[in-house]
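Below is one structure; the comments refer to it alone.
Scope of the values below: all heavy atoms of this structure, side chains included, with no hydrogens, waters or symmetry mates. In what follows, chains carry the letters A, B, and so on, assigned in the order in which the sequence lines appear, proteins first and then strands, with residues in each chain numbered from 1. If you're wondering where the values come from, they're calculated on a predicted model, not measured in any experiment.
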Amino acid sequence: MTDTRRPATNANPSDAPSYRYDAKLANAIEAKWHDRWDEEHTFWAPNPTGLLSEGFERVADEPKLYVLDMFPYPSGAGLHVGHPLGYIATDVYARFQRMAGRNVLHAMGYDAFGLPAEQYAVQTGQHPRVTTEANIATMRRQLRALGLGHDSRRSIATTDVSYYRWTQWIFLQIFDSWYDQEADRARPIAELVAELESGARDAAPSTDGRPWSELDDVERRRVVDGFRLAYIAEAPVNWCPALGTVLANEEVTSEGRSERGNHPVFKRPLKQWMLRITAYAERLLADLDMLDWTDSIKQMQRNWIGRSEGARVRFPVVNHEGLDIEVFTTRPDTLFGATYMVLAPEHPLVDEIIPVDWPGGEQFDEWLETPAAWRGVFGADVSPTEAVTKYRRFATAKSDVERQVETREKTGVFTGAFAFNPTNDQPIPIFVADYVLMGYGTGAIMAVPAHDERDFEFARELEIPIVGVVRPPDEWLEARSLTPDVPAAEWPEPFVGDGVGMNSTNDQVSLDGLDTPAAKRAIGEWLRTSGYGEPTVNYKLRDWLFSRQRYWGEPFPIVYDETGLPVALPESMLPVELPEIGDFEPRIQAEDDDSVPEPPLARADGWATVELDLGDGPKPYVRELNTMPQWAGSCWYYLRYLDPTNEDRMVDPAVERYWMQSRRADGAPAAGGVDLYVGGVEHAVLHLLYARFWHKVLFDLGYVSTPEPFQRLFNQGMIQAYAYADDRGVYVEAADVEQRDGGYFAGTIPVTRLYGKMGKSLRNAVTPDEIYRDYGADTLRLYEMFMGPLDQSRPWNTADIIGVHRFLQRLWRIVVDEDTGAVRVSSDPADEETRKLLHRTIAAVRDDMATMSFNTAIAALFTFNNHLWRVVEERGAAPAEAVESLILMVAPLAPHVGEELWERIGHTTSLTYVPYPAADPALLVDEQVEIPVQLNGKVRAHVHVAPDADEAATEAAARADARVGELLAGKTVRKVVVVPGRLVNFVVG
RNA sequence: GCCCGGAUGGCGGAAUCGGCAGACGCGACCGACUCAAAAUCGGUUGCCGCGAGGCGUGUGGGUUCGAGUCCCACUCCGGGCACCA
């Protein structure tokens, strides 16, 4: 196999026929049609109203279709052939749907804010705007060459001031909203203020019990700010010193490194903007059911949201009247078995509960002396405070990477304090251990070692009592050679499944004998009545950390007054333009530097502070100096495509309704507005979760009409490629590798073949430009669609391209004489065979195009193309009806050749809106079908029958066949299975 | 560890409901054209076997007249999550 050798398609062009479809001709045709489409505004999709409504009457009766790509980040690296796969697919689909009578909206924009542009700008010393615009121009040119049918009027970049003005506007809507739990939706903050003022809502829970009327202005603002969907919080955040910025949880890998750049990330407390995505956890989870997404993506979102049902339980701290430690547990039924508690090292209550000395003596009967192991490994003479302090230092010094790599041996230290197990008032010790995470639940747990792996391990380590409160099923015990009377402390491992309650009775409640679900209900009831807790639902999802210490992002439309509290700028002051500064470099910090990071915008002289009149006279204000994360702009671009020139609104409501009110395949109203969204699986949680969240806020506030943005999501696979490394493991340029003598060689150096992502790092990138040069864009399009199913990853193999190129050559040759350039199409009617094959092809291709099975659509077109070529060879020309249909069917896949041939056979207008061929059902049925005859399930003969022959007729036809007669001679037929139209099977003895 | 997805010729891949495995393309082989080669065109091509025939969809079992497709148990590969109480 010679993957990398370029077939000499045009090796000797001077010798080839003058009018052959080769790369040179293809390039000329393609350039011509790009210009024509631009001039004729071929792909402009009219809106029902507004500036882009010209020509709407033409499509007023057509159903709309909104096809969307995940818009690209315009990187400086340029494209390789893997990048446009999804764009080609959506273009083929959109072109097909236009011909099938839909008003199709398909546009392309650029997600242009963000880290890489800024880093590149820093490296080259140029302003990020300059490099970004250059990158966009390059990418536009490369994508234009593919002939993508986008409505160019709707192209936006998130960095356009006219775009991010509305990103800022949306942020203001989020800032000016709160989540009404009873109504289960976001509402304007003004309505909350009204409720607080009228007394309809009690401010007390957030003000130490003081009523609204007794609060001063600043206190009132604090209360209201505490409700907002966008709020400032001092919280442990992901700090990436190497990038000089904080990151969202979603941007940190499981190895505790930044997704961009793979730098270490540390937790540190910082004051940052947060968006209250957690308020939407349940809806983000539940509404997944309405979407046509793959199960795996839905599952990834479900896992990220991480819903679990359980209970909150409050444990009173011994000797601290009124102080409770609240925990979340999914197994409240094991509460009687809680023999200790654990707080996360960062838990705020740790400092409050630590006693001066280790408990001992008469203090507690059970704990005559604090065991040495509980005091930590820091020496026997340290105090509880010292032990905990040292342990905390030990825990935080471990980076997330180390926590990951280590064998997860449980470590921890006793705080010296106790809490009462509320079921029996027994004091249980409270530990600090880093196996409990501050970021989940309440940052504290009740530990039930008999029924939890981690607690069991920890309890074994520190010799803490293990009390079984769930009797395992007999099989579990038998598998471990245990009997029911063996105490849990002697089990080899904890029992974590469902069983039957035991040792769980007090004066008020008994779980003994109850199965686990019943026990959960009973203890939930008891918690509620006793006041110790209540059943609840907990989510892994955290609020979205929304500020970044970067230059190249959207400025917040926020200023701070003398109180230090945030003030939203009025809509009339938008946009807040990104100021020009000389030095946009982030301040990179050392890993141990814990000074407050300085955002680049702090260096914007004359901008960072500003005098404004926000209604109470001119006053000095300090601007918010952080910028928004890259995800902000990508959260709503699909809405701006709808109405990109609207200066008064984010999107006109009538336009929004027109494009976003959708129906599902079965005709039912869809939850999401975008009919088809195609993109890579890498955005499964980040972008797709954030965009759904923003959409739901906008839905609650009445700015969009659907609860979800994207009805159908399609994840295209990745184009991968072989890569080659020498014996040092260094990658060599894949294009230079040859296969010979059963091995691979770069020159004379033997190399080994590997397989992976296409790109610079593996030195195996193939660029679209080289494929245009050697074959043309239509060949590239066709090849990418023919490689395999769109949702699968598949290897690029340049050698295979020749196949689809030959297809186009043959198609061309059917219509155009290669030597003379003359068009040859016969006006004679097509023969029977051709017509039947044509209509069968139409039926198959239409079907496949609608389901995006482009690879099999192309296979069917190959077959028909080959047939028509034989007709041309036999008769000198192919019948016009067949040629026209073939051109129209190929056109969405290879639009330039399609248009050119369409024009050459005599049409003067683009085929973009010509109806896609429809199959005549009468031509799809055969007079005779050949069906197999099996003996004991093995095919032994074939017979011809009418397609509608019934069982008896089919069996009779089979028996009448001479070959079948021979086979059955002398055998006893025990059973005959007849599937009319499919087969006959004789079961013989 | 948990949750998804996948495994079919030399290669990419086809195969509605369980009903002729390998459509279509690449490659390979043979032939036409050519002084020759490339390009182009035509034919052959799952494996074993001269043939009759046999064997074949990751492995082992099962259901069925019939299994790539359904069920059970596994292997390997890819992706996601991971001390989530």
Side-chain angles (χ1 to χ4, degrees), chain A residues 1-3 7-13 15-17 20 22 254 294-300 302-304 306 308 310 327-331 334 342 403-404 406 408-410 433-437 439-448 451-455 457-458 538-540 681-682 684-685 718 720 783 786-789 791-797 799-804 806-807 809-810 813 818 847 853 855-863 865-866 869-870 873 930-942 974-979 981-988:
Chain A
M1 191 173 60
T2 50
D3 323 286
T9 330
N10 304 313
N12 193 352
D15 233 25
R20 172 163 292 175
D22 57 14
S254 59
T294 60
D295 286 336
S296 69
I297 298 280
K298 287 187 185 183
Q299 204 51 45
M300 281 162 75
R302 287 192 191 109
N303 289 342
W304 190 262
S308 48
V327 304
F328 172 75
T329 176
T330 54
R331 291 298 299 271
T334 63
V342 183
R403 288 197 195 188
Q404 183 66 30
E406 272 177 22
R408 288 202 183 141
E409 195 180 302
K410 298 284 176 294
D434 66 358
Y435 81 89
V436 172
L437 311 171
Y440 182 76
T442 62
I445 62 160
M446 67 177 212
V448 186
H451 305 294
D452 181 276
E453 301 271 3
R454 297 146 300 181
D455 298 345
E457 216 182 300
F458 189 78
N538 193 58
Y539 300 91
K540 271 201 290 191
V681 70
E682 67 274 16
V685 282
M718 220 184 317
Q720 299 183 293
Y783 174 60
F786 186 56
M787 289 170 82
D791 55 356
Q792 259 170 47
S793 290
R794 72 300 296 268
W796 177 269
N797 190 357
D800 287 348
I801 290 181
I802 191 67
V804 290
R806 279 181 195 140
F807 167 82
Q809 266 182 348
R810 206 166 296 159
R813 199 183 303 120
E818 285 188 334
D847 232 52
S853 309
N855 56 327
T856 49
I858 293 168
L861 290 169
F862 257 102
T863 305
N865 200 47
N866 289 342
W869 173 241
R870 272 191 295 276
E873 284 198 308
E930 192 189 61
I931 62 166
V933 179
Q934 298 182 334
L935 239 71
N936 291 341
K938 293 196 190 268
V939 178
R940 294 298 179 205
H942 289 91
R974 283 211 288 235
K975 185 175 175 181
V976 184
V977 181
V978 181
V979 185
R982 304 291 318 208
L983 58 48
V984 180
N985 185 16
F986 291 101
V987 184
V988 297

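Of the nucleotides present, none pairs with B:C83 by Watson-Crick or G-U wobble criteria with both distances under 3.5 Å. Checking B:G9 for Watson-Crick or G-U wobble geometry (two distances, each under 3.5 Å) identifies no partner in any strand. When both pairing distances are held under 3.5 Å, B:G27 makes a Watson-Crick or G-U pair with B:U45. Remark: B:C17 base-pairs with no nucleotide in the shown strands. Criterion, Watson-Crick or G-U wobble with two distances under 3.5 Å.
In this structure, A:I445 and A:Y435 have side chains that are in contact, with non-hydrogen atoms separated by less than 4.5 Å. Here the side chains of A:Y783 and A:I858 are not in contact, with every heavy-atom distance at 4.5 Å or above. Side-chain contact check for A:V804 versus A:R806: every heavy-atom pair is 4.5 Å or farther apart. For the pair A:F807/A:F786, no side-chain contact is recorded, criterion being any heavy-atom separation below 4.5 Å from C-beta on.
In this entry the distance linking NZ of A:K938 with P of B:G54 reads 7 Å, nearest Å. In this structure, A:E682 places its CD atom 17 Å from C1' of B:C81, rounding to the nearest Å.
The A:R940 side chain lies nearest to B:G54 when the options are B:G54, B:C55, B:C41. The nucleotide whose nearest atom lies closest to any side-chain atom of A:F862 is, among B:C83, B:G25, B:G19, B:G25. The nucleotide whose nearest atom lies closest to any side-chain atom of A:D452 is, among B:C3, B:U40, B:A85, B:A85. The side chain of A:S308 sits closest to B:A85 out of B:A85, B:C24, B:C20. Closest to the A:R794 side chain, of the nucleotides B:G12, B:G27, B:G25, is B:G12. Checking B:C26, B:C65, B:C41 against every side-chain atom of A:D800, the shortest atom distance belongs to B:C26. The side chain of A:Q299 lies closest to B:C3, out of B:C3, B:G19, B:C83. Distances from the side chain of A:N855 to the nucleotides B:G12, B:C26, B:A14 place B:A14 closest. Ranking B:G19, B:C20, B:C24 by closeness to the A:H942 side chain, first place goes to B:C20. Listed nucleotides B:G19, B:G12, B:A85 differ in distance to A:Y440; the shortest reach to its side chain belongs to B:A85.
Comparing A:R20 and A:G439 against RNA chain B, the residue whose closest nucleotide sits nearer the 5' end is A:R20. The residue among A:T330 and A:M300 whose nearest nucleotide of RNA chain B is located toward the 5' end is A:M300.
B:G60 sits 15 Å from B:A67 when the P atoms are compared, rounded to a whole Å.
For A:R806 and B:A39, the shortest distance from a side-chain N or O to OP1 or OP2 is not below 4.0 Å. For A:N866, a side-chain nitrogen or oxygen approaches OP1 or OP2 of B:G25 to under 4.0 Å.
Between the base of B:C65 and the side chain of A:N985 there is a donor-acceptor pair shorter than 3.5 Å.
Using a 4.0 Å heavy-atom distance criterion, A:E453 is classed as making no nucleic acid contact. Residue A:R813 is classed as a sugar-phosphate contact, given heavy-atom separations below 4.0 Å to backbone atoms only.
Atom CG of A:D295 sits in a sparse spot, with 12 or fewer heavy atoms from other residues, nucleotides or ligands closer than 6.0 Å.
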